[in-house]
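Beneath this line is the structure, given in structure tokens, with notes to follow.
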Amino acid sequence: MRADYRPIRIGLLGAGSVGSQVFKLIQNDSEELAHRVGAKLEISGVLVRSLDADRDYDIPKSFLTTDAESVILGSDIVVELIGGIQPALDYIRTALESGSDVVTANKTLLANHGPEIFELAERVGAQVYYEASVAGAIPIIRPLRESLAGDKVTRIMGIVNGTTNFILDQMESTGASFEDSLQKAQQLGYAEADPTADVGGFDAAAKAAILSSLAFHTEVHIDDVYTEGIEKITQLDIESAKEADYTVKLLAVCERVGKDSIAARVHPTLIPVSHPLASVRGAFNAVFVESEASGELMFYGAGAGGIETASAVLGDVVMASKRHLGGGSGLNESSHAKLEIMPIDDIVTRYQISLEVKDQSGVLAVIASMFADLDISVETLEQSTIDSDSDNVMLTIITHETSERSLQKLIEKLNSQDQVVDIRGQIRVEGV
Ligand code: HSE
């Protein structure tokens, strides 16, 4: 440790489940952290909304304040853990403008205002670290930003939302409905009282925007990410997937498409049970990265949780502290590639379509001709009975690759066909 250097002042904005654990780790491991950094880390203040709120870790009152400016201006490194857009954006701007480096876990802010934050950081010679913004404890930002900096990432498929992974896993392993599985996730504290951000895919979309921006050196905003949630997934989807040796996951898919384009999308997806992502159960997260030179890599672990996410935050605090001490420009974000972001209509993928059709002669021929007319090739077709009283049967069809545009035309045609009683599900298929 450098004996001649004053302690590095760390200002915490927020003392919720992650912030209070960051405080605890910095206090409890102070000696070891001082050796790793080369100077002591000292908490300069903790910004809270209420001085008397209950916290996961009891932070001494002398650290707490409701005065944001005193924490921001009195710190060398500002750790933003309050989430949301405002006032977090203003706090980060003030911190960067005053010469501090910033550590943040704020995916919503980065997915909406990343370019402006990175541009300001570059202008003032500061750094923004954000390992905890995607997939909690899992190191994925640093591997993409540093370890793979010399490689060319072609595709990322991530299970980056633990709540939805838990719900889908629960539906598959217990046969429970979506509603009952969501209720269980809420009882266990995975899902919020208002679960929209998780089940609607928006939390995963923010993470997809961050991962795509980083991997493809292109500004990707959350609105560029095509987003579908898991609210419409039924037991029928899960069961028909299982019968065909697939499992249903909410995936964030970020990919290069051709030479100069990329796409980012979040939607329920069938993946083969043999794919490494299929083994990610419960509320765990995993990110599967494909790169030209390194091939396939998978990063797995806890995607949420106070202490787990605090680990990622603290890694960034240590890196920022070392830079503070040793100098150097650090790594700035680069969006030099400026690749075109493809709309979902142009994306090519495979689909599983579940149709309830009349059990009459000629129906298969009619349906087959609709696929043929749109040049959509069928890979597998399974027919199953619904129940012994029904005049209808189920057809589960998996297609070869086709464009979203053709698929939507097919769905329109199927909907207008009398022998098709109901389109019971349509899910994209990846990882084959
Ligand atoms: N709500 C998220 C999840 C964790 O369920 O994974 C925070 O991003």
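Heavy atoms only: backbone and side chains are in, while hydrogens, waters and symmetry mates are out. For ligands, and for the atoms within them, numbers begin at 1 and follow the listed sequence. Counting from 1, the numbers follow the sequence of the chain as shown. What you are looking at is a predicted structure, and each value in this text was computed from that prediction instead of being measured.
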* To do: To the nearest 0.5 Å, tell me how far Lys338 NZ sits from His217 NE2.
  => 12.0 Å
* To do: Look only at interatomic distance and state if Asn285 has a nitrogen or oxygen under 3.5 Å from any nitrogen or oxygen of ligand 1.
  => no
* **Gap separating the CG atom of Leu381 from the CD1 atom of Ile398, nearest 0.5 angstrom** => 10.0 Å
* To do: Pick one of side chain, backbone, both or neither for how Lys207 approaches ligand 1, counting any non-hydrogen atom pair under 4.0 Å.
  => side chain
* Of the protein's non-hydrogen atoms, which lies at the shortest distance from atom 4 (C) of ligand 1, and what is that distance? -> Ala304 CB, 3.8 Å
* To do: Quick one: list whatever passes side chain to side chain contact (heavy atoms under 4.5 Å, CB included) with Tyr300, sequence neighbours left out.
  => Val280, Phe284, Ala286
* Structure fact -> atom 6 (O) of ligand 1 sits nearest the protein heavy atom Gly162 N, 2.7 Å
* Among all protein heavy atoms, pick the one closest to atom 7 (C) of ligand 1 and tell me residue, atom and distance. => Lys107 NZ, 3.5 Å
* To do: Calculate, to the nearest 0.5 Å, the distance between atoms CG and OH belonging to Leu407 and Tyr351 respectively.
  => 4.5 Å
* To do: Would you mind checking which non-hydrogen protein atom is closest to atom 1 (N) of ligand 1, with the distance to 0.1 Å?
  => Asp198 OD1, 2.9 Å
* Distance to 0.1 Å, residue and atom name: give those for the protein heavy atom nearest to atom 5 (O) of ligand 1. => Thr163 OG1, 2.5 Å
* Residue Glu116 excluded, over 12 heavy atoms near CD under 6.0 Å -> yes
* **Min N/O separation Asp203 to ligand 1 under 3.5 Å** => yes
* **Atom CG of Asp54 with >12 non-hydrogen neighbours under 6.0 angstrom** => no
